[in-house]
Amino acid sequence: MSQSYETLLVERRERVALITINRPEKRNALNIQTREEGAAALDALRDEENIRVVVITGAGDKAFIAGADIAEFANRTAVTQRDMMLGRSLFTAIDTFPKPVIAMVNGYCLGGGCELALACDMRIASETASFGQPEINLGIIPGGGGTQRLTRLIGEGKAMELILTGDIIDAQTAFMLGLVNAVVPAADLEAKTMEIANRISEKSPIALRMAKEGVKTAARANLDEGLRREVDLFALCFSSEDKDEGVRAFLEKRKPEFKGK
Ligand code: COA
């Protein structure tokens, strides 16, 4: 069940899996191998019933992820780059992962790192974290969803500003823009993120899955389609034992025990 990877570590802490991108000497830049191993790790965790939430972070105290591995751009042709991006994407794997994924942002969160965080369901940042889409400085643009997900999350004006200037913003500014859910002192980052992840991990995994799909639909469908989808997802919860348990536990004034059935 436990695989080992060269560029990342996967730790299981009760119902929460912690994936650590482990290239601190390269500020955890995403090279091809890291992307492939990240997608493989998610594949394995998808089927593990005991794992209810995934947290992603970067090794060391400097960077969450400093972006795509720029060294790999040097000799890449347009066709190779396009094929690679149209192939299996780590960002899409996170976006469509059937369990909540939380980014624990402990430092530089730039370019593809910011896009990875944007593909996650929540972002918790340390006070020392910083965010940006600096691709414009390399003569390119965000290609992992930055122009789309950032715009949907913080609005066109601010997304445009960040993407056109390549400016780096601090965690507090990111919080004010709605880019991150919470900012905490660096020493508290892991405890705070794990506290949130553990709390979510006690909910019904079926309801979590439906909830994630519902919220994700809001960015993809018009209001009528989205509301219709929500009704289907809501009704699907009624086919679960977890719904019976949740309602029964409320009526019996006790804590529910969700089994994911
Ligand atoms: N791709 C490849 N290598 C990267 C990288 C990236 N995105 N970000 C950092 N590195 C490498 C550096 O080349 C350096 O490698 P070396 O020791 O072999 O020379 C190492 O990581 C440390 O980087 P350094 O710049 O010395 O660290 P720093 O702490 O002073 O600065 C950053 C950190 C993140 C501000 C700086 O590395 C940076 O600007 N990185 C690029 C960010 C970027 O443009 N991302 C978008 C990519 S599309």
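One-based numbering, in listed order, for ligands and for the atoms of each.
At least one protein heavy atom sits closer than 4.0 Å to atom 7 (N) of ligand 1. In this structure, atom 36 (C) of ligand 1 has no protein heavy-atom contact shorter than 4.0 Å. Note that atom 2 (C) of ligand 1 has protein non-hydrogen atoms nearby, at separations under 4.0 angstrom. Distances from atom 12 (C) of ligand 1 to the protein include no heavy-atom value under 4.0 Å. Put simply, atom 19 (O) of ligand 1 has no protein non-hydrogen atoms near it, under 4.0 Å away.
Tested against D69 for a salt bridge (charged side-chain N to carboxylate O under 4.0 Å, His left out), the candidates R76, R23, K26, R35 yield a single pass: R23.
With salt bridges taken as basic N to acidic carboxylate O contacts below 4.0 Å, none links E213 and R209. Salt bridge E245/R248: present, at least one basic N to carboxylate O contact under 4.0 Å.
Atoms of ligand 1 lying under 4.0 Å from any heavy atom of P134, numbered from 1 in the order shown and given with element: 43 (C), 44 (O), 45 (N), 46 (C). For ligand 1, the atoms closer than 4.0 angstrom to any heavy atom of E135 are 48 (S). Residue E25 has at least one heavy-atom neighbour below 4.0 Å for each of these atoms of ligand 1: 20 (C), 21 (O), 22 (C).
Residue-ligand proximity: A68 is placed with a non-hydrogen atom under 4.0 Å from ligand 1.
A side-chain N or O of T173 and one of D170 form a donor-acceptor pair less than 3.5 Å apart. Counting only N and O atoms by type, the side chains of T80 and D83 include no donor and acceptor under 3.5 Å apart.
In this structure, OH on Y108 lies 8.5 Å from NZ on K62, to the nearest 0.5 angstrom. Here the straight-line distance linking atom OG of S239 with atom CD1 of I206 works out to 7.0 Å at 0.5 Å rounding. The CD1 atom of I94 sits 3.5 Å away from the CG atom of L116 when rounded to the nearest 0.5 Å. Rounding to the nearest 0.5 Å places CD of Q148 at 11.5 Å from CG of L118. For the atom pair CG (L45) and CZ (R12), the distance works out to 5.5 Å, reported to the nearest 0.5 Å.
Remark: minimum distance from atom 39 (O) of ligand 1 to any protein heavy atom is reached at L110 CD1, 4.7 Å. Among protein heavy atoms, atom 15 (O) of ligand 1 sits closest to K26 NZ, 3.3 Å. The protein heavy-atom contact nearest to atom 33 (C) of ligand 1 is Y108 CE1, 3.5 Å. In terms of protein heavy atoms, atom 5 (C) of ligand 1 is closest to A29 CB, 4.0 Å.
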Requested in this report: Report the C-alpha distance between T7 and E37 in whole Å, list the side-chain angles of each, state the deciding distance to 0.1 Å, and finish with yes or no for side chain to side chain donor-acceptor pair (under 3.5 Å).
Outcome: CA-CA 7 Å; T7 63; E37 291 191 343; 2.7 Å; yes
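If you check each of A66, G111, G166 against atom 43 (C) of ligand 1, the one with the closest non-hydrogen atom is A66. Remark: among candidates R27, E72, E115, the nearest residue to atom 28 (P) of ligand 1 is R27, based on non-hydrogen atoms.
Of the polar atoms of I70, at least one N or O is found under 3.5 Å from an N or O of ligand 1, judged by distance alone. Considering backbone and side-chain atoms alike, L138 places every N or O at 3.5 Å or more from each N or O of ligand 1.
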